Amino acid sequence: MEESLEDESLLDDNGEAELTAQTALQEIENAWMNETFAPEILPHQSDLVDCMLQQIAHMEENVKRLDKNDLRALVHRMELDRIRYVISSYLRTRLEKIERYTIHILSEEENRNPDEEPYLTPDELRFAKEYLANLETLFKTVALQHMPPNFQQFEVNKFTVKPNVQAHVFLRANQRITGVVVPGTLNEEIDFEEGSQHIIQYSAVAHLVKSGAVQLI
Amino acid sequence: MFGKEAIKLITELDMYEDIRPFNEQVMRQVFKEMQSLYEANLIDSNAIQNEGNNELLPSVHFRHTALLRNKRCILAYLYHRIRRLRQMRWELGSILPTEITTNLLNAEVQWFQNYNKSLATYMKSIGDNHGLNLTVNMSPPKTLYVEVKCLADFGKLELDDGEIITLKKNTYHLLPRATCEPLIRQGFPPDNPDIDVGNVHLRLQARTPKILHLYP
(Lines give C-alpha, C1' and ligand atoms only; values in the text may rest on other atoms or scores of the structure.)
Protein backbone atom coordinates (compact mmCIF):
# COMPACT_ATOMS: atom_id res chain seq x y z
CA MET A 1 0.00 0.00 0.00
CA GLU A 2 2.69 2.42 1.01
CA GLU A 3 4.56 1.79 -2.15
CA SER A 4 1.54 2.29 -4.35
CA LEU A 5 1.01 5.75 -2.95
CA GLU A 6 4.13 6.91 -4.69
CA ASP A 7 3.58 8.84 -7.88
CA GLU A 8 6.01 6.68 -9.74
CA SER A 9 3.70 3.72 -9.60
CA LEU A 10 1.39 5.51 -11.98
CA LEU A 11 4.07 6.53 -14.40
CA ASP A 12 5.88 4.51 -16.97
CA ASP A 13 7.20 1.16 -15.96
CA ASN A 14 10.76 1.87 -16.92
CA GLY A 15 13.02 3.57 -14.43
CA GLU A 16 14.07 6.48 -16.60
CA ALA A 17 10.65 7.99 -17.01
CA GLU A 18 10.13 7.98 -13.24
CA LEU A 19 13.25 9.99 -12.74
CA THR A 20 12.42 12.60 -15.35
CA ALA A 21 8.90 13.07 -14.05
CA GLN A 22 10.24 13.79 -10.58
CA THR A 23 12.95 16.18 -11.70
CA ALA A 24 10.65 17.88 -14.18
CA LEU A 25 8.22 18.60 -11.37
CA GLN A 26 11.03 19.99 -9.22
CA GLU A 27 12.22 22.12 -12.11
CA ILE A 28 8.83 23.54 -12.94
CA GLU A 29 8.39 24.44 -9.27
CA ASN A 30 11.73 26.22 -9.33
CA ALA A 31 10.82 28.04 -12.54
CA TRP A 32 7.49 29.01 -11.00
CA MET A 33 9.13 30.49 -7.90
CA ASN A 34 11.73 32.33 -9.95
CA GLU A 35 9.05 33.77 -12.21
CA THR A 36 6.90 34.81 -9.26
CA PHE A 37 9.67 36.62 -7.43
CA ALA A 38 11.67 38.10 -10.30
CA PRO A 39 10.53 41.59 -11.32
CA GLU A 40 11.25 41.02 -15.00
CA ILE A 41 10.16 38.22 -17.33
CA LEU A 42 12.52 35.24 -17.45
CA PRO A 43 13.41 32.96 -20.36
CA HIS A 44 10.46 30.68 -21.09
CA GLN A 45 10.43 27.02 -20.08
CA SER A 46 7.92 25.76 -22.60
CA ASP A 47 9.64 22.38 -22.96
CA LEU A 48 9.18 21.80 -19.28
CA VAL A 49 5.56 22.93 -19.39
CA ASP A 50 4.77 20.69 -22.35
CA CYS A 51 6.45 17.78 -20.65
CA MET A 52 4.53 18.29 -17.41
CA LEU A 53 1.22 18.67 -19.22
CA GLN A 54 1.82 15.41 -21.04
CA GLN A 55 2.70 13.82 -17.75
CA ILE A 56 -0.55 15.07 -16.25
CA ALA A 57 -2.63 13.71 -19.12
CA HIS A 58 -0.85 10.41 -18.72
CA MET A 59 -1.42 10.26 -14.98
CA GLU A 60 -5.04 11.21 -15.41
CA GLU A 61 -5.54 8.22 -17.67
CA ASN A 62 -4.05 6.02 -15.00
CA VAL A 63 -6.12 7.50 -12.22
CA LYS A 64 -9.27 6.91 -14.24
CA ARG A 65 -8.55 3.22 -14.24
CA LEU A 66 -8.57 3.14 -10.46
CA ASP A 67 -11.79 2.69 -8.53
CA LYS A 68 -13.41 6.01 -7.71
CA ASN A 69 -13.40 5.48 -3.98
CA ASP A 70 -9.90 4.10 -3.89
CA LEU A 71 -7.77 6.15 -1.52
CA ARG A 72 -4.96 6.16 -4.04
CA ALA A 73 -7.19 7.79 -6.63
CA LEU A 74 -7.97 10.64 -4.24
CA VAL A 75 -4.35 11.20 -3.34
CA HIS A 76 -3.26 11.17 -6.93
CA ARG A 77 -6.03 13.45 -8.07
CA MET A 78 -5.05 15.91 -5.36
CA GLU A 79 -1.48 15.79 -6.53
CA LEU A 80 -2.59 16.38 -10.12
CA ASP A 81 -4.57 19.41 -9.02
CA ARG A 82 -1.50 20.77 -7.28
CA ILE A 83 0.68 20.34 -10.33
CA ARG A 84 -1.94 21.90 -12.55
CA TYR A 85 -2.12 24.86 -10.21
CA VAL A 86 1.65 25.36 -10.33
CA ILE A 87 1.69 25.31 -14.13
CA SER A 88 -1.31 27.62 -14.47
CA SER A 89 0.05 30.04 -11.92
CA TYR A 90 3.44 30.05 -13.65
CA LEU A 91 1.92 30.84 -17.05
CA ARG A 92 -0.46 33.41 -15.55
CA THR A 93 2.43 35.25 -13.91
CA ARG A 94 4.18 35.45 -17.27
CA LEU A 95 1.05 36.75 -18.97
CA GLU A 96 0.64 39.42 -16.31
CA LYS A 97 4.20 40.58 -16.84
CA ILE A 98 3.68 40.60 -20.60
CA GLU A 99 0.60 42.77 -20.21
CA ARG A 100 2.25 45.14 -17.78
CA TYR A 101 5.55 45.58 -19.58
CA THR A 102 4.36 44.90 -23.15
CA ILE A 103 6.37 47.57 -24.93
CA HIS A 104 9.51 46.99 -22.91
CA ILE A 105 9.39 43.23 -23.40
CA LEU A 106 8.69 43.49 -27.13
CA SER A 107 11.61 45.84 -27.70
CA GLU A 108 13.89 43.58 -25.63
CA GLU A 109 12.87 40.62 -27.78
CA GLU A 110 13.51 42.58 -30.92
CA ASN A 111 16.96 43.73 -29.85
CA ARG A 112 18.04 40.34 -28.61
CA ASN A 113 20.98 38.78 -30.31
CA PRO A 114 19.68 36.27 -32.91
CA ASP A 115 22.02 33.63 -31.46
CA GLU A 116 20.34 33.95 -28.12
CA GLU A 117 17.19 32.06 -27.23
CA PRO A 118 14.14 34.36 -27.10
CA TYR A 119 12.56 34.83 -23.68
CA LEU A 120 9.01 34.50 -25.00
CA THR A 121 7.50 31.50 -26.70
CA PRO A 122 6.12 32.22 -30.20
CA ASP A 123 2.61 32.13 -28.77
CA GLU A 124 3.46 34.54 -25.97
CA LEU A 125 5.07 36.82 -28.51
CA ARG A 126 1.94 36.81 -30.62
CA PHE A 127 -0.16 37.53 -27.55
CA ALA A 128 2.09 40.48 -26.64
CA LYS A 129 1.88 41.93 -30.14
CA GLU A 130 -1.88 41.56 -30.26
CA TYR A 131 -2.19 43.14 -26.83
CA LEU A 132 -0.18 46.18 -27.89
CA ALA A 133 -2.03 46.57 -31.19
CA ASN A 134 -5.32 46.30 -29.36
CA LEU A 135 -4.30 49.02 -26.91
CA GLU A 136 -3.15 51.26 -29.72
CA THR A 137 -6.46 50.84 -31.56
CA LEU A 138 -8.39 51.78 -28.45
CA PHE A 139 -6.27 54.85 -27.74
CA LYS A 140 -6.55 55.99 -31.33
CA THR A 141 -10.28 55.54 -31.78
CA VAL A 142 -11.31 57.00 -28.45
CA ALA A 143 -8.78 59.71 -27.78
CA LEU A 144 -5.82 60.36 -30.01
CA GLN A 145 -7.76 61.16 -33.19
CA HIS A 146 -9.68 63.88 -31.32
CA MET A 147 -6.55 65.65 -30.21
CA PRO A 148 -4.75 68.49 -32.01
CA PRO A 149 -2.61 67.37 -34.99
CA ASN A 150 0.79 67.03 -33.35
CA PHE A 151 -0.57 65.27 -30.26
CA GLN A 152 -2.05 62.31 -32.12
CA GLN A 153 1.00 60.08 -31.93
CA PHE A 154 0.99 56.79 -30.04
CA GLU A 155 4.32 57.50 -28.40
CA VAL A 156 5.76 54.10 -27.73
CA ASN A 157 8.76 55.42 -25.81
CA LYS A 158 6.58 57.46 -23.46
CA PHE A 159 4.17 54.63 -22.69
CA THR A 160 6.87 52.14 -21.80
CA VAL A 161 6.61 50.66 -18.34
CA LYS A 162 9.77 48.96 -17.17
CA PRO A 163 10.09 46.38 -14.44
CA ASN A 164 11.85 47.57 -11.32
CA VAL A 165 15.07 45.59 -11.41
CA GLN A 166 16.29 47.45 -8.34
CA ALA A 167 13.75 45.54 -6.25
CA HIS A 168 15.23 43.27 -3.61
CA VAL A 169 14.83 39.54 -3.78
CA PHE A 170 15.46 36.60 -1.47
CA LEU A 171 17.62 33.89 -2.90
CA ARG A 172 19.38 30.65 -2.14
CA ALA A 173 22.64 29.82 -3.86
CA ASN A 174 22.63 26.47 -5.65
CA GLN A 175 26.39 26.50 -5.91
CA ARG A 176 29.36 28.51 -4.70
CA ILE A 177 29.46 31.86 -6.47
CA THR A 178 32.25 34.38 -6.09
CA GLY A 179 32.52 38.06 -6.86
CA VAL A 180 28.95 39.32 -7.00
CA VAL A 181 29.25 43.08 -7.16
CA VAL A 182 26.98 44.80 -4.67
CA PRO A 183 25.03 47.53 -6.49
CA GLY A 184 25.42 51.04 -5.19
CA THR A 185 28.97 50.44 -4.03
CA LEU A 186 32.17 51.13 -5.91
CA ASN A 187 33.40 47.59 -6.22
CA GLU A 188 32.42 45.76 -3.12
CA GLU A 189 32.13 42.09 -3.90
CA ILE A 190 30.51 39.29 -1.97
CA ASP A 191 30.61 35.53 -2.29
CA PHE A 192 27.69 33.15 -1.94
CA GLU A 193 28.36 29.82 -0.28
CA GLU A 194 26.45 26.85 -1.62
CA GLY A 195 23.07 26.63 0.09
CA SER A 196 23.37 30.05 1.74
CA GLN A 197 20.52 32.55 1.63
CA HIS A 198 20.70 36.27 0.88
CA ILE A 199 18.69 39.39 0.20
CA ILE A 200 20.06 41.46 -2.64
CA GLN A 201 19.01 43.76 -5.45
CA TYR A 202 17.64 41.77 -8.36
CA SER A 203 19.83 43.54 -10.92
CA ALA A 204 22.97 42.13 -9.27
CA VAL A 205 21.85 38.53 -9.61
CA ALA A 206 19.63 38.59 -12.70
CA HIS A 207 22.18 36.64 -14.76
CA LEU A 208 22.57 34.08 -11.97
CA VAL A 209 18.81 33.54 -11.80
CA LYS A 210 18.66 32.96 -15.53
CA SER A 211 21.58 30.55 -15.49
CA GLY A 212 20.07 28.64 -12.59
CA ALA A 213 22.99 29.30 -10.23
CA VAL A 214 20.66 30.79 -7.63
CA GLN A 215 17.07 30.06 -6.74
CA LEU A 216 14.70 32.87 -5.75
CA ILE A 217 12.73 32.04 -2.62
CA MET B 1 -8.33 75.52 -18.14
CA PHE B 2 -4.90 73.97 -17.89
CA GLY B 3 -5.73 70.43 -16.97
CA LYS B 4 -8.44 71.06 -14.44
CA GLU B 5 -10.98 69.01 -16.36
CA ALA B 6 -8.58 66.20 -17.12
CA ILE B 7 -7.76 65.72 -13.47
CA LYS B 8 -11.43 64.95 -12.86
CA LEU B 9 -11.01 61.78 -14.86
CA ILE B 10 -8.13 60.69 -12.68
CA THR B 11 -10.03 61.53 -9.51
CA GLU B 12 -12.89 59.41 -10.74
CA LEU B 13 -10.56 56.45 -11.16
CA ASP B 14 -9.24 57.02 -7.70
CA MET B 15 -12.63 57.33 -6.03
CA TYR B 16 -14.37 54.31 -7.49
CA GLU B 17 -12.94 50.85 -7.78
CA ASP B 18 -15.48 49.61 -10.29
CA ILE B 19 -16.00 50.68 -13.88
CA ARG B 20 -18.08 53.86 -13.94
CA PRO B 21 -20.09 55.02 -16.96
CA PHE B 22 -17.63 56.38 -19.47
CA ASN B 23 -17.20 60.06 -18.72
CA GLU B 24 -17.70 61.36 -22.24
CA GLN B 25 -18.75 64.80 -21.13
CA VAL B 26 -15.53 65.60 -19.31
CA MET B 27 -13.53 63.92 -22.02
CA ARG B 28 -15.06 66.18 -24.65
CA GLN B 29 -14.32 69.24 -22.54
CA VAL B 30 -10.71 68.19 -22.31
CA PHE B 31 -10.56 67.85 -26.08
CA LYS B 32 -12.04 71.31 -26.40
CA GLU B 33 -9.51 72.72 -23.98
CA MET B 34 -6.69 71.04 -25.89
CA GLN B 35 -7.96 72.51 -29.12
CA SER B 36 -8.09 76.05 -27.76
CA LEU B 37 -4.66 75.72 -26.14
CA TYR B 38 -3.33 74.43 -29.40
CA GLU B 39 -4.81 77.28 -31.39
CA ALA B 40 -3.45 79.86 -28.94
CA ASN B 41 -0.03 78.29 -29.26
CA LEU B 42 -0.26 78.33 -33.02
CA ILE B 43 -0.90 82.08 -33.03
CA ASP B 44 1.87 82.78 -30.53
CA SER B 45 4.45 80.61 -32.19
CA ASN B 46 3.70 82.26 -35.51
CA ALA B 47 4.26 85.60 -33.82
CA ILE B 48 7.57 84.36 -32.46
CA GLN B 49 8.67 83.14 -35.85
CA ASN B 50 7.54 86.13 -37.86
CA GLU B 51 8.11 88.97 -35.45
CA GLY B 52 10.80 87.52 -33.22
CA ASN B 53 8.66 88.23 -30.21
CA ASN B 54 10.47 86.04 -27.70
CA GLU B 55 8.45 87.25 -24.75
CA LEU B 56 5.74 84.86 -25.79
CA LEU B 57 7.98 81.85 -25.45
CA PRO B 58 7.22 81.02 -21.79
CA SER B 59 3.48 81.01 -22.37
CA VAL B 60 3.88 78.73 -25.39
CA HIS B 61 5.88 76.37 -23.20
CA PHE B 62 3.28 76.54 -20.49
CA ARG B 63 0.43 75.70 -22.83
CA HIS B 64 2.44 72.91 -24.37
CA THR B 65 2.97 71.35 -20.95
CA ALA B 66 -0.74 71.64 -20.24
CA LEU B 67 -1.48 69.91 -23.54
CA LEU B 68 0.86 67.05 -22.72
CA ARG B 69 -0.65 66.72 -19.30
CA ASN B 70 -4.16 66.58 -20.73
CA LYS B 71 -3.11 63.88 -23.14
CA ARG B 72 -1.51 61.89 -20.39
CA CYS B 73 -4.56 62.11 -18.12
CA ILE B 74 -6.90 60.95 -20.86
CA LEU B 75 -4.74 58.00 -21.82
CA ALA B 76 -4.29 57.07 -18.17
CA TYR B 77 -8.05 57.11 -17.80
CA LEU B 78 -8.51 54.79 -20.76
CA TYR B 79 -5.69 52.52 -19.70
CA HIS B 80 -6.91 52.00 -16.17
CA ARG B 81 -10.42 51.30 -17.35
CA ILE B 82 -9.25 48.48 -19.57
CA ARG B 83 -7.01 47.12 -16.81
CA ARG B 84 -10.16 46.81 -14.73
CA LEU B 85 -11.95 45.25 -17.64
CA ARG B 86 -9.13 42.79 -17.98
CA GLN B 87 -9.52 41.86 -14.34
CA MET B 88 -13.21 41.18 -14.98
CA ARG B 89 -12.28 38.82 -17.80
CA TRP B 90 -10.28 36.76 -15.36
CA GLU B 91 -12.88 36.84 -12.63
CA LEU B 92 -16.16 36.64 -14.51
CA GLY B 93 -15.30 35.00 -17.80
CA SER B 94 -15.76 36.05 -21.38
CA ILE B 95 -19.34 37.30 -21.10
CA LEU B 96 -19.78 40.53 -19.19
CA PRO B 97 -22.92 41.32 -17.23
CA THR B 98 -25.06 44.11 -18.67
CA GLU B 99 -24.41 46.31 -15.61
CA ILE B 100 -20.88 46.63 -16.88
CA THR B 101 -21.38 46.68 -20.63
CA THR B 102 -23.76 49.62 -20.38
CA ASN B 103 -20.92 51.65 -18.85
CA LEU B 104 -18.57 50.94 -21.72
CA LEU B 105 -17.85 52.65 -24.99
CA ASN B 106 -18.15 50.63 -28.18
CA ALA B 107 -14.40 50.85 -28.57
CA GLU B 108 -13.95 49.39 -25.11
CA VAL B 109 -16.29 46.51 -25.87
CA GLN B 110 -14.24 45.96 -29.00
CA TRP B 111 -11.08 45.95 -26.92
CA PHE B 112 -12.59 43.39 -24.59
CA GLN B 113 -13.55 41.12 -27.45
CA ASN B 114 -10.11 41.36 -28.98
CA TYR B 115 -8.52 40.62 -25.62
CA ASN B 116 -10.78 37.61 -25.24
CA LYS B 117 -9.74 36.36 -28.64
CA SER B 118 -6.01 36.80 -27.97
CA LEU B 119 -6.30 35.13 -24.60
CA ALA B 120 -8.30 32.21 -25.99
CA THR B 121 -5.80 31.73 -28.83
CA TYR B 122 -2.95 31.76 -26.34
CA MET B 123 -4.59 29.34 -23.93
CA LYS B 124 -5.39 26.97 -26.77
CA SER B 125 -1.75 26.96 -27.85
CA ILE B 126 -0.32 25.86 -24.50
CA GLY B 127 1.21 22.40 -24.27
CA ASP B 128 1.65 21.64 -27.97
CA ASN B 129 -1.79 22.94 -28.85
CA HIS B 130 -3.55 20.77 -26.31
CA GLY B 131 -4.72 23.86 -24.50
CA LEU B 132 -4.92 24.76 -20.84
CA ASN B 133 -7.53 26.96 -19.26
CA LEU B 134 -5.56 29.41 -17.15
CA THR B 135 -8.64 31.04 -15.67
CA VAL B 136 -9.37 28.04 -13.45
CA ASN B 137 -7.12 26.82 -10.64
CA MET B 138 -6.78 30.38 -9.42
CA SER B 139 -5.86 29.52 -5.86
CA PRO B 140 -3.76 26.70 -4.44
CA PRO B 141 -5.91 23.57 -4.08
CA LYS B 142 -6.36 22.48 -0.47
CA THR B 143 -9.02 19.82 -0.86
CA LEU B 144 -10.46 17.83 -3.72
CA TYR B 145 -14.05 18.38 -2.71
CA VAL B 146 -15.79 21.43 -1.32
CA GLU B 147 -19.09 21.72 0.40
CA VAL B 148 -21.31 24.20 -1.41
CA LYS B 149 -24.73 25.68 -1.07
CA CYS B 150 -26.62 26.25 -4.26
CA LEU B 151 -28.05 29.77 -4.48
CA ALA B 152 -30.06 29.38 -7.66
CA ASP B 153 -31.67 26.72 -9.80
CA PHE B 154 -28.87 25.91 -12.13
CA GLY B 155 -30.02 22.68 -13.71
CA LYS B 156 -27.84 19.78 -14.65
CA LEU B 157 -24.12 19.79 -14.13
CA GLU B 158 -21.96 17.09 -15.56
CA LEU B 159 -18.97 16.16 -13.47
CA ASP B 160 -15.62 15.16 -14.92
CA ASP B 161 -16.32 11.48 -14.38
CA GLY B 162 -19.56 11.66 -16.37
CA GLU B 163 -21.90 11.71 -13.41
CA ILE B 164 -24.72 14.21 -13.82
CA ILE B 165 -26.14 16.02 -10.83
CA THR B 166 -28.92 18.54 -10.59
CA LEU B 167 -28.21 21.79 -8.82
CA LYS B 168 -31.34 23.08 -7.17
CA LYS B 169 -31.77 26.20 -5.15
CA ASN B 170 -30.95 25.87 -1.44
CA THR B 171 -29.48 22.41 -1.69
CA TYR B 172 -26.13 21.39 -0.29
CA HIS B 173 -23.58 19.37 -2.19
CA LEU B 174 -20.09 18.00 -1.87
CA LEU B 175 -18.56 18.64 -5.26
CA PRO B 176 -15.15 18.44 -6.92
CA ARG B 177 -13.47 21.78 -6.34
CA ALA B 178 -12.19 22.13 -9.90
CA THR B 179 -15.66 21.73 -11.39
CA CYS B 180 -17.42 24.27 -9.26
CA GLU B 181 -14.63 26.82 -8.85
CA PRO B 182 -15.90 28.90 -11.80
CA LEU B 183 -19.44 28.67 -10.50
CA ILE B 184 -18.38 29.89 -7.10
CA ARG B 185 -16.54 32.87 -8.50
CA GLN B 186 -19.31 34.08 -10.73
CA GLY B 187 -22.84 33.55 -11.89
CA PHE B 188 -21.99 32.66 -15.44
CA PRO B 189 -21.44 29.39 -17.16
CA PRO B 190 -17.87 28.22 -17.04
CA ASP B 191 -15.82 28.70 -20.16
CA ASN B 192 -14.77 25.11 -20.07
CA PRO B 193 -16.60 23.38 -22.90
CA ASP B 194 -16.18 20.05 -21.13
CA ILE B 195 -18.82 21.02 -18.64
CA ASP B 196 -22.18 20.91 -20.28
CA VAL B 197 -24.51 23.21 -18.44
CA GLY B 198 -27.29 23.50 -20.99
CA ASN B 199 -27.69 26.75 -22.83
CA VAL B 200 -31.26 27.46 -21.81
CA HIS B 201 -30.32 27.64 -18.18
CA LEU B 202 -27.30 29.80 -18.79
CA ARG B 203 -29.22 32.69 -20.20
CA LEU B 204 -31.59 32.67 -17.31
CA GLN B 205 -28.82 32.57 -14.78
CA ALA B 206 -26.59 35.17 -16.31
CA ARG B 207 -27.79 37.88 -13.97
CA THR B 208 -27.51 35.94 -10.75
CA PRO B 209 -24.48 37.19 -8.90
CA LYS B 210 -23.48 33.81 -7.60
CA ILE B 211 -24.69 30.32 -8.19
CA LEU B 212 -22.76 28.48 -5.59
CA HIS B 213 -21.74 29.66 -2.21
CA LEU B 214 -18.99 28.05 -0.17
CA TYR B 215 -20.53 26.50 2.88
CA PRO B 216 -20.15 27.27 5.72
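On a predicted model such as this, the values are computed, not experimentally measured, just so you know. Naming convention: chains lettered A, B, ... in sequence-line order (proteins, then strands); numbering from 1 in each chain.
Heavy-atom distances place the side chain of A:T141, and not its backbone, under 4.5 Å from chain B. Within the 4.5 angstrom heavy-atom criterion, no atom of A:E60 approaches chain B. A:V142 touches chain B through backbone and side chain together, each having a heavy atom under 4.5 Å away. B:R72 does not touch chain A: none of its heavy atoms, backbone or side chain, sits under 4.5 Å away. A:K158 touches chain B through its side chain: at least one heavy atom from C-beta onward sits under 4.5 Å away, while N, CA, C and O do not. For chain A, the nearby part of B:E163 is the side chain; its heavy atoms alone come within less than 4.5 Å. Interface remark: A:L74 contributes backbone and side-chain atoms alike to the contact with chain B (heavy atom separation under 4.5 Å).
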Without placing hydrogens or testing angles, list every side-chain donor-acceptor pair under 3.5 Å for residues 19-32 of chain B, not counting sequence neighbours.
residue, atom, partner, partner atom, Å
B:N23, OD1, B:V26, N, 3.4
B:N23, ND2, B:E12, OE1, 2.8

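Looking only at atom types and distance, the side chain of B:E33 has a donor-acceptor partner in the side chain of B:N70 under 3.5 Å away. Judged purely by distance below 3.5 Å, without hydrogens or angles, the side chains of B:S59 and B:H61 never pair a donor atom with an acceptor atom. In summary, the side chains of A:T121 and A:D123 do not present any donor paired with an acceptor at a separation below 3.5 Å, with no hydrogens or angles considered. Side-chain N/O atoms of B:Y115 and A:E99 include a donor and acceptor closer than 3.5 Å.
Contact tally against chain B (heavy-atom pairs below 4.5 Å) for A:S88, A:C51, A:A57: the top residue is A:S88. Ranked by heavy-atom pairs under 4.5 Å with chain A, the list B:I82, B:L105, B:L119 is led by B:L119. Considering only heavy-atom pairs separated by less than 4.5 Å from chain B, the leading option among A:P149, A:S89, A:S46 is A:P149. Interface check for chain A: of the options B:H130, B:E108, B:Q35, B:R83, the most heavy-atom pairs under 4.5 Å are formed by B:R83. Note on A:L91, A:L53, A:N134: by heavy-atom pairs under 4.5 Å with chain B, the leading option is A:N134. For the options A:M147, A:E130, A:R82, A:R126, heavy-atom pairs under 4.5 Å to chain B are most numerous at A:M147. Ranked by heavy-atom pairs shorter than 4.5 Å toward chain A, the options B:I74, B:L75, B:L132, B:N114 are led by B:L75.
A:E40 and A:K210 are joined by a salt bridge, as a carboxylate oxygen and a charged side-chain nitrogen come within less than 4.0 angstrom of each other. Taking the charged nitrogens against the carboxylate oxygens, A:E108 and A:K162 have no contact shorter than 4.0 Å, which rules out a salt bridge. For the pair A:E117 and A:R112, the salt-bridge criterion is not met [side-chain N within less than 4.0 Å of a carboxylate O].
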**Study point:** Check against side-chain contact (heavy atoms from CB on, under 4.5 Å), A:V209 and A:F37
**Key:** CA-CA 11 Å; A:V209 173; A:F37 297 124; over 6 Å; no
